[in-house]
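Reviewing the structure listed below.
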Amino acid sequence: MVNALGNDCATIWQNLIAGRTGIERRDSVPVAVANIFIKERQPRIDQLLFIALQEAIASAELDLPIPCSAIVIGSSRGYQREWELMLEGLYPIAQFPDLLSANLSAKVANWLGSQGSATTISTACASGNWAIAKGYELISSGASDLVIVGAVDSAITPLSMAGFRQLGVLARTGVYPFSREREGLGLGEGAAVLILEAGDRLKKTGYGQILGFGITNDAFHITSAGQDLISAQQAITNCLEQSGLTAGDIDYINAHGTATVNNDQMEAQLITQCFAHSPFVSSTKGATGHCLGATGVMEAIFCLLAIRDQII
């Protein structure tokens, strides 16, 4: 994993549990920028993804090449940063074919020598969650017994800032999820990679198990949740049923927790309705910023590390 808290899981985790934040004010708004060395003319999103990928491969003790693996990469904005630079004449237009979102999974496949399926998923801020679900499906269906699941976004750009400013959801001083004083979100960036293995391949390096997932949409609005929350409740019900769990089995929820007034209110209402026993709830976006499509895989790793160390 790489984000504004650090360039590897151990550093990020220690900074997170120490209560530190990667969010800082730039140009009068809070943002969380990753501190990485930038190679000229190489897309920033590729560099972030490669840093996370290298750590994941080493952590899982895998040897390259990995021809039998499948690849699933999630990203909300893809190469938007490079497109904006291209329009300003700061990036060569001849490279446009390399800046299509589908190339994210293709590049990972090339880096790893993977000859399995390679898929790029873009479902806004759920892209990382969708990538995990797709990886789980590939394994549970028998299509693959080893899947590289990643998510990445690097979109702290003029277009993104303008869009969120128009929505009126950017914070002014800081990011405070579920606080009465919450102001809004702060954009972040980064990447995270999980190695998914079938049960018979699972090594001692494993951190946890995926039991199931639930995905719905409310067919309501591009940025606001439907007020009745019925489809969101159904996603949770589907996940629990597929996982063989009850709501009472859930001890901790890493919430979306964007720190916008609307999201946190609706999400708190949803959790109250579905989990009457009041499990622990927190949002890590006060430390990482909102990393858009990369968020789902990052926060899955935070949950795995919380289980490992028994720390919330």
Side-chain angles (χ1 to χ4, degrees), residues 1 3-6 12-34 76 124-126 128-129 153 155-156 160-161 163-190 192 221 223-227 229 232-233 235-236 247 250-303 305-306 309-312:
M1 177 163 49
N3 56 38
L5 285 178
I12 291 168
W13 181 239
Q14 289 305 311
N15 282 328
L16 182 67
I17 62 177
R20 301 187 182 102
T21 180
I23 296 171
E24 57 185 29
R25 284 174 58 82
R26 292 192 181 186
D27 299 326
S28 75
V29 293
V31 293
V33 180
S76 173
C125 301
N129 306 74
D153 260 316
I156 305 177
S160 292
M161 298 299 289
F164 284 108
R165 188 175 286 113
Q166 284 295 99
L167 287 171
V169 296
L170 286 181
R172 300 180 302 280
T173 64
V175 178
Y176 318 114
F178 297 111
S179 168
R180 288 188 176 90
E181 292 78 31
R182 64 192 186 277
E183 304 173 344
L185 62 84
L187 283 177
E189 64 173 1
H221 188 271
T223 58
S224 300
Q227 298 295 312
L229 296 176
Q233 292 171 10
I236 291 172
I250 306 304
D251 299 316
Y252 166 67
I253 296 171
N254 184 302
H256 192 48
T258 60
T260 64
V261 172
N262 185 55
N263 176 89
D264 288 10
Q265 179 180 346
M266 299 296 285
E267 195 170 11
Q269 182 181 335
L270 174 67
I271 292 170
T272 301
Q273 290 174 355
C274 294
F275 301 94
H277 64 296
S278 299
F280 292 105
V281 178
S282 68
S283 166
T284 44
K285 288 186 175 64
T288 66
H290 191 350
C291 298
L292 302 177
T295 292
V297 180
M298 278 186 196
E299 294 175 0
I301 293 175
F302 287 148
C303 288
L305 294 173
D309 294 349
Q310 294 294 289
I311 291 174
I312 293 176

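The shortest side-chain heavy-atom distance between N254 and C303 falls under the 4.5 Å cut-off. The shortest distance between side-chain heavy atoms of Q269 and I271 does not fall below 4.5 Å. When side chains are defined from C-beta on, C125 counts as touching H256, because their heavy atoms get closer than 4.5 Å. Using a 4.5 Å heavy-atom cutoff, the side chains of N129 and T295 are not in contact. Counting only heavy atoms from C-beta outward, the side chains of F275 and V281 never approach each other to under 4.5 Å. In this structure, the side chains of T284 and L16 come closer than 4.5 Å at one or more pairs of heavy atoms.
Pairs passing the side-chain hydrogen bond (donor to acceptor under 3.5 Å, both in side chains) check and including a residue from residues 270-280, sequence neighbours excluded, read Q233-Q273. Evaluation of the salt bridge (Lys or Arg N to Asp or Glu O under 4.0 Å) test over residues 275-300, restricted to residues two or more places apart or in two chains, returns K285-E299.
Remark: R20 engages no residue in a salt bridge (charged side-chain N to carboxylate O under 4.0 Å, His left out) (not counting sequence neighbours). A306 meets the side-chain contact (heavy atoms from CB on, under 4.5 Å) test with W13; sequence neighbours excluded. With sequence neighbours left out, the side-chain contact (heavy atoms from CB on, under 4.5 Å) criterion links F280 to Y252, I312. The side chain to side chain donor-acceptor pair (under 3.5 Å) test applied to S283 returns no partner, not counting sequence neighbours. In this structure A4 satisfies the side-chain contact (heavy atoms from CB on, under 4.5 Å) test together with A32, sequence neighbours excluded. Remark: D153 engages S75 in a side chain to side chain donor-acceptor pair (under 3.5 Å) (not counting sequence neighbours). Looking at residues two or more places apart in sequence or on another chain, you find no side chain to side chain donor-acceptor pair (under 3.5 Å) involving D264. For the side chain to side chain donor-acceptor pair (under 3.5 Å) test, residues two or more places apart in sequence or in another chain that qualify with E24 are R26. For F164, the side-chain contact (heavy atoms from CB on, under 4.5 Å) test picks out R77, L167, V169, L170, L185, L187, L292, with sequence neighbours left out.
Under the 3.5 Å distance criterion, the side-chain polar atoms of N3 are left unmatched by any main-chain donor or acceptor of T288. When atom types are taken as modelled, the side chain of E189 and the backbone of A34 share a donor-acceptor pair closer than 3.5 angstrom. Between the side chain of R182 and the backbone N or O of P177 there is no donor-acceptor pair closer than 3.5 Å. Within the 3.5 Å criterion, the main-chain N or O of T173 finds a donor-acceptor partner in the side chain of E183.
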